[in-house]
Amino acid sequence: MSTTQFMTATELAERLHMAVEGLKKKPGLMRAGVGYLQLVSDYVDAVANAKRDGKLVVIHGTQMPTEIFYAMDIVPLFNELYSVVLTMMGAPVRTLYDLSAANGLPTEICAFNKSMDGLLLAGVAPKFDLAAWHGSSCDNTPWCLQNVAKAQNIPTFFMDRPYKIFADHTVAYWKKQHEELIAFLEQHSGRKMDYDRLKEAVDLSYRATRLSLEIDKFSEMVPTPMSSEAAFGPFLACRQFGGHRKAVEYLEGLRDELKERVANGVQAANPERFRYIFDVSCPYFDMGLLALAQQKYGAVVVADHIARWRGTAEWFTDPDDPVGNLANKQQFNLGNENYQPGVEWRDQVLELAQKTKADAAIFWNNIGCRTGASMWRILKESLEKKLGVPSLTIDCDILDPTYAPRKVVEEQMDRFFEMVENSNTYKARRGLS
């Protein structure tokens, strides 16, 4: 098969460079919106240039401790992020799915994994040196990363993650798993962990956590100064650059820009007519829908459940125990809804809707996510019955824009926001007659 229709990591990096330069020329965007794409570009650059720089690349699954990778100067590649960026930059995701299906991977599994599987089969996936993942309740991730390990014949490590990390004995067990990951990386990288450097990485990660929580307060303001192009910068920074100085620098810049916007009376939508949340995740297949909603309806996205820290996120408890801090972090981590009963997910969404003064919610019902798809009705009914917050469910493929074309989704959003505006609960919340 010809691979010219696919992008290598180097080609993807080049496209991202051009995209960043193009975004700089667009008027009216938040500086942090450009910075968001620059972070993505830097992330892919590190992968593309790893061999030149003499660094190993580890492909990993969700919620892995990137602080450990950065402390050991190993380049992390999160399968989900790479798949998102690849398709955003124009890769033929449906063709990748077809390659994966023809090789026997079930078509109903996670889009991110089908995409990476297709890249491996096409021979254009980045060259990985190691694979690491843990026992996510998203059971497709181990499957895919095992395929990666087999395709590239690389060492792999599996962390046995407790389902609930809310007791001393489970945190202790999870800490031991982190220690075993470090031993695995030491064995295969030929270098020892520098624990002073790990302490520095963990400190940076905690600073990013506190900055993220500070930034959340700006999203909660009515009206919010947080525009859609920067709304998920904290999620990217904390999740993919946890332990890296770039996360702190980006978040400090975003926080300061939001302070400026508040001081100057700048708001994301003027007027701000609707405030809505995502109660599962973003529409990665078409993130332009956020700007569309902001411009067309005066609707601002004020939170994504998967991008919020749990509670106060006070996970840094002992400056002299960086590994223990990382084990503790998982109790509060972004996207941690996969590791709890549905009633807890529901209660967190209800709390989030109240905290952000949401008028509505959108559930992107990704066909390949069995964990998420099982929750849409519970969340929809709970939001509407308990808070009077209407919820729109949009069936989609999280990467493939042809499954839910822009025109179709826009028509759904037209009807939905019209319904919200005419609802009694909206009028009461807004003080309208």
Side-chain angles (χ1 to χ4, degrees), residues 215-228 231-232 262 265 267-283 286-287 289-311 337 340-366 372-396 404 408-433:
I215 289 165
D216 285 345
K217 300 297 183 185
F218 289 96
S219 296
E220 293 164 12
M221 289 181 177
V222 182
T224 180
M226 177 70 87
S227 191
S228 62
F232 299 101
V262 171
Q267 55 194 72
N270 193 4
E272 181 184 282
R273 295 174 56 211
F274 305 100
R275 299 169 62 82
Y276 68 100
I277 62 171
F278 297 146
D279 46 2
V280 64
S281 191
C282 298
D286 187 355
M287 291 292 280
L289 290 166
L290 279 64
L292 171 74
Q294 190 169 293
Q295 294 161 9
K296 185 174 183 179
Y297 315 111
V300 290
V301 57
V302 289
D304 177 355
H305 177 235
I306 202 171
R308 284 285 180 130
W309 291 93
R310 187 196 293 258
E337 79 287 340
Q340 60 187 342
V343 292
E344 293 183 23
W345 185 341
R346 176 204 63 193
D347 291 345
Q348 287 174 17
V349 167
L350 291 172
E351 179 184 3
L352 185 60
Q354 292 175 299
K355 183 183 294 186
T356 58
K357 299 179 178 62
D359 300 305
I362 298 180
F363 189 98
W364 302 99
N365 192 30
N366 177 23
S374 64
M375 284 297 297
W376 76 266
R377 184 176 293 278
I378 293 171
L379 297 177
K380 178 181 176 68
E381 292 180 353
S382 298
L383 284 164
E384 293 178 354
K385 290 179 179 179
K386 294 181 180 293
L387 301 180
V389 173
S391 184
L392 171 65
T393 300
I394 297 179
D395 294 330
C396 64
V408 173
V409 175
E410 187 174 353
E411 289 173 353
Q412 291 177 278
M413 293 172 73
D414 285 343
R415 294 192 297 270
F416 177 65
F417 284 113
E418 181 180 1
M419 180 273 290
V420 172
E421 189 170 33
N422 291 324
S423 68
N424 292 331
T425 52
Y426 174 82
K427 292 176 182 178
R429 187 179 298 111
R430 294 276 174 162
L432 304 173
S433 58

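Hydrogens, waters and symmetry mates are skipped; everything else that's a heavy atom, side chains included, is used. A quick note: this is a predicted structure, and the numbers were derived from the prediction, not measured.
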Quick check for you: to the nearest 0.5 Å, what is the distance between [X] atom [atom1] and [Y] atom [atom2]?
X      : Y      : atom1 : atom2 : result
Asp395 : Phe363 : CG    : CZ    : 9.5 Å
Leu350 : Leu379 : CG    : CG    : 8.0 Å
Tyr276 : Ser391 : OH    : OG    : 13.0 Å
Leu289 : Glu410 : CG    : CD    : 8.5 Å
Arg308 : Phe278 : CZ    : CZ    : 13.0 Å
Arg275 : Thr356 : CZ    : OG1   : 6.0 Å

Side-chain heavy atoms of [X] within contact of [Y], under 4.5 Å:
X      : Y      : answer
Val262 : Phe218 : yes
Asp286 : Val409 : no
Val420 : Tyr297 : no
Asp359 : Arg430 : yes
Lys355 : Asp216 : no
Val389 : Arg429 : yes
Val302 : Ile277 : yes
Lys380 : Arg377 : no

Derivation and outcome, side chain to side chain donor-acceptor pair (under 3.5 Å), residues Glu272 and Thr224: CA-CA 8 Å; Glu272 181 184 282; Thr224 180; 5.4 Å; no
Check the pair Tyr426, Leu432 against side chain to side chain contact (heavy atoms under 4.5 Å, CB included), reporting the backbone distance first and the verdict last. CA-CA 8 Å; Tyr426 174 82; Leu432 304 173; 3.9 Å; yes
Give me the atom names and distance for the closest heavy-atom approach of [X] to [Y].
X      : Y      : answer
Ser227 : Ala268 : CA-CB, 3.7 Å
Ser281 : Trp364 : O-CD1, 2.9 Å
Arg346 : Ser382 : CD-OG, 3.1 Å
Phe232 : Leu290 : CE1-CD2, 3.3 Å
Asp279 : Leu383 : OD2-CD1, 3.5 Å
Thr393 : Gln412 : O-NE2, 4.1 Å

A quick test of your reading: do over 12 heavy atoms of other residues, nucleotides or ligands sit less than 6.0 Å from CG of Asn424? no
Just wondering, more than 12 heavy atoms not from Glu381 lying within 6.0 Å of its CD? yes
Sort out for me which residue in Arg273, Met226, Gln294 forms a side chain to side chain contact (heavy atoms under 4.5 Å, CB included) with Val300. Gln294
Closer than 4.0 angstrom, basic N to acidic O: yes or no for Asp414 and Lys296? yes
